[in-house]
Amino acid sequence: MKDFLKMEKFASEARKNCLYCIANLGVGHVGGALSIIEILTYLYNEEMKNLNPSNPNAEDRDMLVLSKGHSGPALYSVLAMKGYFPMAWLATLNKGGTNLPSHCDRNRTPGIDMSTGSLGQGLSAACGMAYGALLKKNNQCIYCIIGDGETEEGQNWEAAMFASANGLDNLIGITDYNKLQIDGTVEEVSGLKDLEKKWTSFGWEVFSCNGHDFSDLEKVFSKCHEKNGKPKMIICNTVKAKGFPRLENKIESHNSKITLDEVKELYKGEVVEWLN
Amino acid sequence: MAELEMRQVYCQTLSELAEKDSRLVILEADLMKSSGTFPFKEKYKERAVECGVAEANMVGIASGLSLQGFIPFAATFGCFASRRAFDQFFISSNYAKLNVKLVGTDPGVAAVFNGGTHMPFEDIGLMRMIPKLVISEPSDPVSLKSIVKLMYEYDGCCYLRMHRQAVDKIYSENEKFELGKSKILKDGKDVTLVSLGAIMLKQTLMAADMLEKDGIKATVIDALSVKPLDADTISDSVKKTGIVVCCENHQIDGGLGISVAKMLLDKQINFKIGYIGINDSFGQVGTLDFLLSQYNLTAKDIYKKVKELCK
């Protein structure tokens with residue numbers, strides 16, 4: 001039995017760090033960052049193997065492509081808490097010369113495995129990484145988080161075909177299915193319809209879960225390692241801007257102004273240490 | 001001179017390198033037959049990655065393989081390598097500072113019967129804009145073999161503009177090449193002809209012979225490298241001749257000639273310049289001879305341009 005309480009605590013702290021990180025700048029991709037806090041918490045505390053913050057490029061490590069690169073601040077909060085870089089870096093988000101740009105950059109941030117931000121490209125890179133792991137005959141697992149709006153990019157489906165044609169069963173895709181994007185709800189904008197069927201028909205093994213529930217996350221991740229020649233897709237039902245009531249489940253949460261005052265109010269005056 | 005198919009040289013060279021280095025992999029987007037890489041696949045099996053008709057995905061996969069320490073050579077027609085997969089090559093390969101070698105075949109009018117949809121007249125222009133990207137177009141089998149090896153050794157992204165059909169051998173087998181360096185094939189005091197690629201080099205050498213009959217002695221430079229440009233070799237020659245004509249199987253805008261002009265202006269050299277290239281046009285079908293004539297890329301066009309500038 002995994003320590004869910006510990007994960008809850010970690011996620012709660014990561015969410016707070018992420019909110020202060022964005023609020024300190026005053027604007028950012030709040031919605032899609034907060035919707036993946038539990039997913040990242042689970043990945044970095046329970047799921048990914050051979051991670052070493054003091055050697056972030058260790059060859060046998062599991063790797064993550066955060067294809068929805070605009071959610072960088074969520075991942076930065078988790079990486080800082082895991083010791084990849086000082087917590088104080090969180091105060092530098094998007095400031096000139098920072099190591100923490102809004103979109104993930106592997107050349108700037110320790111622990112970032114791939115540069116992302118041009119939506120739709122991450123899953124292809126993850127396919128290459130997974131293919132490479134099979135060529136090297138190592139046990140690496142490659143994870144890739146894509147957004148639901150991002151799924152509209154056709155390149156995802158090219159990658160989907162490649163992954164199943166090449167039996168990349170060491171590749172685990174994760175869809176942050178928060179159902180909102182910049183111009184409206186995902187169904188209004190494009191219509192993913194039955195996302196589960198789509199991935200299944202592309203030859204992937206598909207799971208679905210509540211992306212904020214650790215017990216649910218554990219159930220699906222534990223089923224994802226079967227060497228059955230199929231890539232895996234976990235569709236995580238999430239809430240955009242989860243944990244920030246003013247923007248929770250709101251379309252405008254995608255990229256929004258937030259102030260330090262309102263974050264302080266949310267946390268009843270409790271301010272993160274790295275901001276002092 | 002014996003004619004060798006460039007794609008055979010490409011495949012043989014990669015196969016030789018792959019024998020010694022298990023990191024070398026190739027990627028194809030349903031054009032293995034065109035690129036001539038089936039022998040590689042037969043020998044190295046899963047190290048030849050078939051991506052299907054999905055060039056953008058292929059470039060992304062190549063980037064992922066590079067992240068795992070592999071050295072990927074990904075090939076497709078130049079039009080798709082540049083126009084189709086530009087953002088993927090820009091972001092996933094170059095911006096991410098990975099080690100991806102992208103090969104664009106059938107440069108310019110070489111696409112002949114595939115026509116305008118398949119003619120990359122702008123691939124150099126697009127690729128030149130990518131910071132630090134190494135861009136080269138070999139002119140014969142010997143330079144191709146050497147440049148493929150040099151790109152394999154170089155740690156960073158490269159774009160190889162590759163003619164895949166048989167072309168005349170220009171260089172002897174022991175000729176040494178460097179990335180970023182051109183070759184002077186003929187030395188003359190009156191005009192500098194800078195040529196890019198096998199198709200134009202043939203026309204340029206013919207033009208130089210025609211000019212010689214009129215008493216005009218041309219220096220012929222096989223540019224080989226587009227980026228970095230071999231500024232020293234080209235500018236040293238233009239300092240002597242004062243006239244330069246750049247000959248390329250590519251749109252004039254964004255091509256080699258513009259790059260040469262800017263370099264010479266930056267160096268504040270007095271010069272007159274002429275451009276032989278495609279002038280603001282789309283491609284079309286036709287034989288190579290028809291297309292060369294249609295777009296004013298022939299030896300005669302080069303000759304006429306030089307005569308105009310020499311007046």
Side-chain angles (χ1 to χ4, degrees), chain A residues 56-65 67 69 101 103-109 112-138 140 142-144 146 153-168 170-171, chain B residues 18 21-30 41 44-74 76 80 84-102 130-132 155-157:
Chain A
N57 298 322
E59 202 171 329
D60 60 346
R61 76 193 188 281
D62 285 350
M63 298 162 105
L64 169 71
V65 179
S67 189
H103 297 81
C104 296
D105 183 342
R106 64 177 286 272
N107 293 299
R108 286 187 181 267
T109 318
I112 294 294
D113 291 322
M114 181 56 180
S115 301
T116 52
S118 182
L119 293 180
Q121 297 193 19
L123 193 59
S124 299
C127 282
M129 291 148 86
Y131 192 99
L134 293 181
L135 274 184
K136 291 201 277 191
K137 296 187 169 44
N138 69 18
Q140 267 177 302
I142 310 300
Y143 299 84
C144 181
I146 61 175
E153 289 280 3
Q155 192 181 340
N156 286 301
W157 302 106
E158 296 182 0
M161 277 187 271
F162 178 88
S164 73
N166 288 277
L168 303 183
N170 56 347
L171 173 63
Chain B
D21 190 344
S22 62
R23 296 173 303 165
L24 195 145
V25 292
I26 65 162
L27 295 95
E28 292 282 351
D30 198 33
K41 186 179 171 61
Y44 298 104
K45 305 201 166 37
E46 66 274 15
R47 283 167 65 192
V49 188
E50 175 59 81
C51 301
V53 190
E55 297 80 9
N57 188 42
M58 174 176 75
V59 171
I61 291 165
S63 304
L65 284 161
S66 168
L67 276 164
Q68 289 279 34
F70 289 94
I71 303 174
F73 277 75
T76 180
F80 308 132
R84 175 68 60 91
F86 186 71
D87 191 41
Q88 287 72 19
F89 191 48
F90 191 100
I91 295 292
S92 288
S93 307
N94 284 270
Y95 178 77
K97 294 191 178 144
L98 292 170
N99 187 19
V100 174
K101 321 300 176 185
L102 184 59
I130 301 179
K132 311 288 184 285
D155 185 15
C157 288

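Only heavy atoms go into these numbers, but all of them, side chains included; no hydrogens, no water, no symmetry mates.
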* Distance-only side-chain donor-acceptor flag, B/Asp87 / A/Gln121, under 3.5 Å -> yes

* Asked: Which bit of A/Ala126 is near chain B, if near means a heavy-atom gap under 4.5 Å: side chain, backbone, both or neither?
  -> neither

* Heavy-atom distances under 4.5 Å only: say whether A/Leu134 touches chain B with side chain, backbone, both or neither. => neither

* Structure fact -> In terms of heavy-atom pairs under 4.5 Å with chain A, the winner among B/Ser22, B/Pro72, B/Gly69, B/Ala96 is B/Ala96

* Between A/Met161 and chain B, which part of the residue has a heavy atom less than 4.5 Å away: side chain, backbone, both or neither? -> neither

* Near A/Arg61 CZ, under 6.0 Å, is it more than 12 heavy atoms from other residues, nucleotides or ligands? -> yes

* To do: Pick whichever of A/Gly117, A/Ser115, A/Ala125 has the most heavy-atom pairs under 4.5 Å with chain B.
  => A/Ala125

* Nearest heavy-atom neighbours spanning A/Phe162 and B/Glu50 -> CE1-O, 3.6 Å

* **Region of A/Ala165 in contact with chain B, defined by heavy-atom distances below 4.5 Å** => neither

* **Closest non-hydrogen atom pair, A/Cys127 against B/Ile61** => CB-CG1, 4.0 Å

* Structure fact -> So CD of A/Gln155 and CE of B/Met58: to nearest 0.5 Å the spacing works out to 11.5 Å

* **Interface residue of largest heavy-atom contact number with chain B, from A/Gly122, A/Ser124, A/Ala133, under 4.5 Å** => A/Ser124

* To do: Of all the heavy-atom pairs spanning A/Met129 and B/Gly64, show the shortest one and how long it is.
  => CG-O, 3.4 Å

* Asked: Taking every heavy-atom pair that is under 4.5 Å apart, which of B/Ser92, B/Ser63, B/Gly52 has the most such pairs with chain A?
  -> B/Ser92

* To do: Begin with the C-alpha distance, continue with both residues' side-chain angles, and end with the deciding distance and a verdict on side-chain contact (heavy atoms from CB on, under 4.5 Å) for A/Asn166 and B/Glu46.
  => CA-CA 10 Å; A/Asn166 288 277; B/Glu46 66 274 15; over 6 Å; no

* To do: Could you tell me whether the side chain of A/Asp113 reaches within less than 4.5 Å of the side chain of B/Leu67, counting heavy atoms only?
  => no

* Structure fact -> Most heavy-atom pairs under 4.5 Å with chain B, out of A/Leu135, A/Val65, A/Leu123, belong to A/Leu135

* Asked: Measuring heavy-atom distances to chain B, does A/Asn156 have an atom under 4.5 Å in its side chain, in its backbone, in both, or in neither?
  -> neither

* Segment of B/Val25 engaging chain A (4.5 angstrom heavy-atom cut-off) -> side chain

* Structure fact -> Rounded to the nearest 0.5 Å, the CD1 atom of B/Ile91 sits from the OG1 atom of A/Thr116 at a distance of 10.0 Å

* Asked: Given side chains that start at C-beta, do those of B/Leu98 and A/Met114 come closer than 4.5 Å, heavy atoms only?
  -> yes

* Distance in Å, B/Tyr95 OH paired with A/His103 NE2, rounded so as to fall on 0.5 Å steps -> 9.5 Å

* Can you tell me if B/Gln68 and A/Glu59 form a side-chain donor-acceptor pair at under 3.5 Å? -> no

* To do: Please step through side-chain contact (heavy atoms from CB on, under 4.5 Å) for the pair A/Asp105 and B/Lys97, ending with a clear verdict.
  => CA-CA 10 Å; A/Asp105 183 342; B/Lys97 294 191 178 144; over 6 Å; no

